[in-house]
Amino acid sequence: MTEQTMIRMYADQLAEAYVSGKPIDPLSETDPGLTIDDAYAIQAAQIRDWATSGRHVRGYKVGLTSLAMQRQLGVDQPDFGYLVDGMYHQPGSVVSIGSFIAPRIEPEIAFVLGADLSGPGVTVEEARRAVSSVVGALELIDSRIVDWRISLIDTIADNASSAGVVVGHTALPLESLDIEALAVTLAKNGEHAGSGTGAAVLGSPLNALVWLANTLGTYGVTLKAGSVVIPGSVCAAVPVGAGDTITADFGPLGSVSLSFSS
Ligand SMILES: C[C@H](O)CC(=O)C(=O)O
């Protein structure tokens, strides 16, 4: 099998898992020879397919940037994925749990970009200047890999396990916030479910933005002005089911909620 055929086959298998709701075996077990570049190529094939069907890239995610998430999923380095049309939900909305396989929720201190950002070589100062505002966000993650049995290769191929995003309405300038000290708390049905500060995300969510710009730069991709970047969860992800309501409190950035129906 050629490399192109192999990439197409795994991209199709992951695409089918979204439709059928039936997760697939870890690609890293099916094919232990897969590399990180192969995994990003499998991810890129799905992004191209979505664009062809009218679902364009509207933002970017960085995953596995906090120790809490790395420990939870047993993966010890960051990765990236894309946010496309159809993945965005309004704060306070209700989504059907039936469209997911094993969803979890994470609170993230997110950025809206006011200028393009193109690596490699992006510095923290350049990243800071490219940010037009900071917002609170919830990321919905899900795994098209059975039982969340993911290695780095599996989650990369599966668009960094992304499934959706809720961007809060309160947007503040970066310079008005101490994002490393910003404390976030997560509640599930009114009960405390997690907490963390911006510093949990690679020391600062800005470091995750720098990592993303420089890593995407090696693939020839520029972060586009106007897009949202979610830099990673400040605490472990919380599983959700029908009837649950999740609320994250971002202090000065307000709170962001999402509910789930059957
Ligand atoms: C597996 C996910 O990429 C984890 C994630 O979204 C995060 O760490 O944030």
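We count ligands from 1, going down the list as the structure has it; atoms in each ligand are counted the same way. Just so it is clear, the model here is predicted, and its values are computed rather than measured.
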Using a strict cut-off of 4.0 Å, indicate which atoms of ligand 1 neighbour a heavy atom of [X].
| X | value |
| --- | --- |
| Ile141 | 6 (O) |
| Glu108 | 9 (O) |
| Gly232 | 9 (O) |
| Ser161 | 1 (C) |
| Glu139 | 6 (O) |

In terms of residue, atom name and distance, what is the protein heavy atom nearest to [atom]?
| atom | answer |
| --- | --- |
| atom 4 (C) of ligand 1 | Glu106 OE2, 3.4 Å |
| atom 1 (C) of ligand 1 | Leu73 CD1, 3.5 Å |
| atom 8 (O) of ligand 1 | Leu64 N, 2.7 Å |

Can you find an N or O of [X] that's nearer than 3.5 Å to an N or O of ligand 1?
| X | answer |
| --- | --- |
| Lys61 | yes |
| Trp148 | no |
| Ala160 | yes |

Practice item. Kindly say whether Val122 contributes a backbone atom to a donor-acceptor pair with the side chain of Asn214 at under 3.5 angstrom? Key: yes
Review point. Counting only N and O atoms by type, is there a donor-acceptor contact under 3.5 Å from the side chain of Gln46 to the main-chain atoms of Ile42?
Key: yes
Exercise for review: Could you check Phe250 against Val134 for side chain to side chain contact (heavy atoms under 4.5 Å, CB included), going step by step and ending with a plain yes or no?
Suggested key: CA-CA 11 Å; Phe250 294 90; Val134 182; over 6 Å; no
Practice item. Carefully, step by step, assess Thr52 and Asp49 under the rule side-chain hydrogen bond (donor to acceptor under 3.5 Å, both in side chains). Key: CA-CA 5 Å; Thr52 302; Asp49 291 345; 5.3 Å; no
Exercise for review: Side-chain contact test, heavy atoms from C-beta onward, threshold under 4.5 Å: evaluate it for Val201 versus Leu206 and give yes or no.
Suggested key: no
Review point. Looking only at heavy atoms, is any part of Ser233 under 4.0 Å from ligand 1, and if so is it the side chain, the backbone, or both, or is it neither?
Key: both
Check your understanding: Is it the side chain (CB and beyond), the backbone, both or neither of Ile230 that lies under 4.0 Å from ligand 1, heavy atoms counted?
Key -> neither
Check your understanding: Quick one: does Gln70 get a heavy atom under 4.0 Å from ligand 1?
Key -> no
**Study point:** side-chain hydrogen bond (donor to acceptor under 3.5 Å, both in side chains) assessment of Thr2 paired with Thr5
**Key:** CA-CA 5 Å; Thr2 67; Thr5 312; 2.5 Å; yes
Review point. Is the closest basic N to carboxylate O distance between Glu125 and Arg128 below 4.0 Å?
Key: yes
**Study point:** salt bridge (charged side-chain N to carboxylate O under 4.0 Å, His left out) between Lys61 and Glu108, intermediate numbers included
**Key:** CA-CA 10 Å; Lys61 73 159 282 183; Glu108 309 203 14; 5.7 Å; no
Exercise for review: Taking atom types as modelled, find out whether Asp38 and Thr35 have a side-chain donor-acceptor pair closer than 3.5 angstrom.
Suggested key: yes
